[in-house]
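Have a look at the structure below, then the notes.
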Amino acid sequence: SLFMGIHFGMESKDYFDYCLSMNQQKKFTHGSGSGEVDYMFEEGNSDFKSRVRMSFAPEMYNDKIHKLKVRFQYLNWAPWNKKSHSDQLMIEVKTLLEKWYGGQFIKVKHPKYEVGYAKIDGNRKVTIEQQDEQFVLVSYTDLFKEKELKKNKN
């Protein structure tokens, strides 16, 4: 499981049916990008200091999820509001994901920002990084499918 019922190997139709069902229950909304889905962490949620949007979209291989890109952002983000920048949010996202998956993420050197984080559990690789001042990017990769993709490209 990745989060909220979404998992690697989930077929495209099942994913979109699931997201539609969650939308009808008012848990997910349509995101801004193509095929993107939004989930809101409301104020008062113990995981974040203020409202946070989590936007995600899967990458499919053989019509099944093998990768998922997730962007987090504070809804009160503004260039002049340093408390709403991604370096602050990344700490909270890391704490949330450690709660969801147990254990610690390790620090990894990031090419642009000071640091990123990574964790591997079985075939699931999770990375956390700042995308820019506004967004934190979390990438989920199915390592078994990634290996298969690379093998098929050669």
Side-chain angles (χ1 to χ4, degrees), residues 1-23 25-43 45-77 83-146 149:
S1 178
L2 301 176
F3 56 83
M4 300 178 194
I6 297 169
H7 56 87
F8 288 139
M10 187 176 218
E11 292 189 0
S12 159
K13 181 183 180 339
D14 294 337
Y15 170 78
F16 289 109
D17 287 348
Y18 178 74
C19 289
L20 175 62
S21 170
M22 294 296 277
N23 178 272
Q25 297 172 49
K26 302 197 183 310
K27 293 181 180 175
F28 291 171
T29 57
H30 181 69
S32 58
S34 174
E36 197 171 68
V37 175
D38 284 353
Y39 174 80
M40 298 294 193
F41 290 90
E42 295 301 324
E43 200 151 348
N45 177 300
S46 62
D47 297 311
F48 298 103
K49 64 185 176 194
S50 66
R51 292 184 72 200
V52 169
R53 173 184 295 121
M54 178 175 87
S55 303
F56 55 92
E59 290 183 29
M60 302 290 182
Y61 174 69
N62 287 338
D63 203 39
K64 295 179 182 174
I65 295 175
H66 82 97
K67 224 178 218 186
L68 194 68
K69 300 276 187 177
V70 184
R71 286 182 310 141
F72 289 82
Q73 96 178 95
Y74 287 122
L75 289 183
N76 65 348
W77 182 84
K83 291 181 179 178
S84 70
H85 281 209
S86 61
D87 60 336
Q88 302 296 308
L89 179 57
M90 189 164 75
I91 296 163
E92 292 183 314
V93 168
K94 178 179 159 290
T95 300
L96 172 69
L97 297 184
E98 286 174 342
K99 186 169 112 178
W100 283 1
Y101 307 120
Q104 299 271 322
F105 279 73
I106 59 167
K107 279 185 181 183
V108 291
K109 187 163 176 51
H110 191 276
K112 183 176 178 183
Y113 296 97
E114 191 173 318
V115 67
Y117 296 94
K119 179 176 176 58
I120 296 176
D121 289 319
N123 66 317
R124 179 184 62 205
K125 179 174 89 172
V126 183
T127 59
I128 307 168
E129 62 184 299
Q130 288 176 255
Q131 181 176 331
D132 52 30
E133 289 182 340
Q134 185 175 5
F135 296 103
V136 171
L137 178 64
V138 175
S139 298
Y140 293 88
T141 306
D142 181 336
L143 294 174
F144 295 148
K145 291 296 175 195
E146 197 73 3
L149 276 168

Heavy-atom closest pair, residues [X] and [Y]:
| X | Y | result |
| --- | --- | --- |
| Cys19 | Val37 | SG-CG2, 3.9 Å |
| Val52 | Phe48 | CG2-CG, 3.5 Å |
| Tyr74 | Lys49 | OH-CE, 3.3 Å |
| Lys64 | Glu11 | CE-OE2, 3.7 Å |
| Ile6 | Ile65 | CG2-CD1, 3.9 Å |
| Ile120 | Leu143 | CG2-CD1, 3.9 Å |

*Dump the intermediate steps for side chain to side chain contact (heavy atoms under 4.5 Å, CB included) on Met54 and Val70, then the final yes or no.*
CA-CA 7 Å; Met54 178 175 87; Val70 184; 3.3 Å; yes
Nearest-0.5 Å distance, [atom1] of residue [X] to [atom2] of residue [Y]:
| X | Y | atom1 | atom2 | answer |
| --- | --- | --- | --- | --- |
| Met60 | Met10 | CE | CE | 8.5 Å |
| Thr29 | Met40 | OG1 | CE | 5.5 Å |
| Lys69 | Ser55 | NZ | OG | 14.5 Å |

*Is the NZ atom of Lys119 crowded by more than 12 outside heavy atoms at less than 6.0 Å?*
yes
I'd like to check the salt bridge (charged side-chain N to carboxylate O under 4.0 Å, His left out) partners of [X]; sequence neighbours left out, ordered by chain and number.
| X | value |
| --- | --- |
| Asp132 | none |
| Lys145 | Glu148 |
| Glu59 | none |

*Does any pair with a residue in residues 89-104 pass salt bridge (Lys or Arg N to Asp or Glu O under 4.0 Å), and if so which ones, sequence neighbours excluded?*
Asp47-Lys99, Lys94-Glu98
*Tell me the salt bridge (Lys or Arg N to Asp or Glu O under 4.0 Å) pairs involving residues 28-40, sequence neighbours left out?*
Glu36-Arg71, Asp38-Arg53
*Does the side chain to side chain contact (heavy atoms under 4.5 Å, CB included) test come out yes or no for Met22 and Tyr39, once each step is laid out?*
CA-CA 10 Å; Met22 294 296 277; Tyr39 174 80; over 6 Å; no
_Using the rule given for side chain to side chain contact (heavy atoms under 4.5 Å, CB included), can you reason through Tyr140 versus Lys67, listing the C-alpha separation, both sets of side-chain angles and the distance that settles it, and then say yes or no?_
CA-CA 5 Å; Tyr140 293 88; Lys67 224 178 218 186; over 6 Å; no
_Using modelled atom types and a 3.5 Å cut-off, is there a donor and acceptor pairing between side-chain atoms of Tyr101 and backbone atoms of Leu2?_
yes
Which residues share a side chain to side chain donor-acceptor pair (under 3.5 Å) with [X], sequence neighbours left out:
| X | answer |
| --- | --- |
| Gln131 | none |
| Lys27 | Gln25 |
| Thr141 | none |
| Asp17 | Lys13 |

*Residues which pass ring pair (Phe, Tyr, Trp, His ring centres under 6.0 Å) with Phe105, listed by chain and number, not counting sequence neighbours*: none
*What pairs meet the ring-ring contact (aromatic ring centres under 6.0 Å, His included) rule with one or both residues in residues 52-71, with sequence neighbours excluded?*
Phe3-Phe56, Phe28-Phe56
*How would you list, by chain and number, every residue that makes a side-chain contact (heavy atoms from CB on, under 4.5 Å) with Gln130, sequence neighbours excluded?*
Ser86, Asp87, Met90, Tyr113
*Report the C-alpha distance between Arg51 and Phe41 in whole Å, list the side-chain angles of each, state the deciding distance to 0.1 Å, and finish with yes or no for side chain to side chain contact (heavy atoms under 4.5 Å, CB included).*
CA-CA 6 Å; Arg51 292 184 72 200; Phe41 290 90; over 6 Å; no
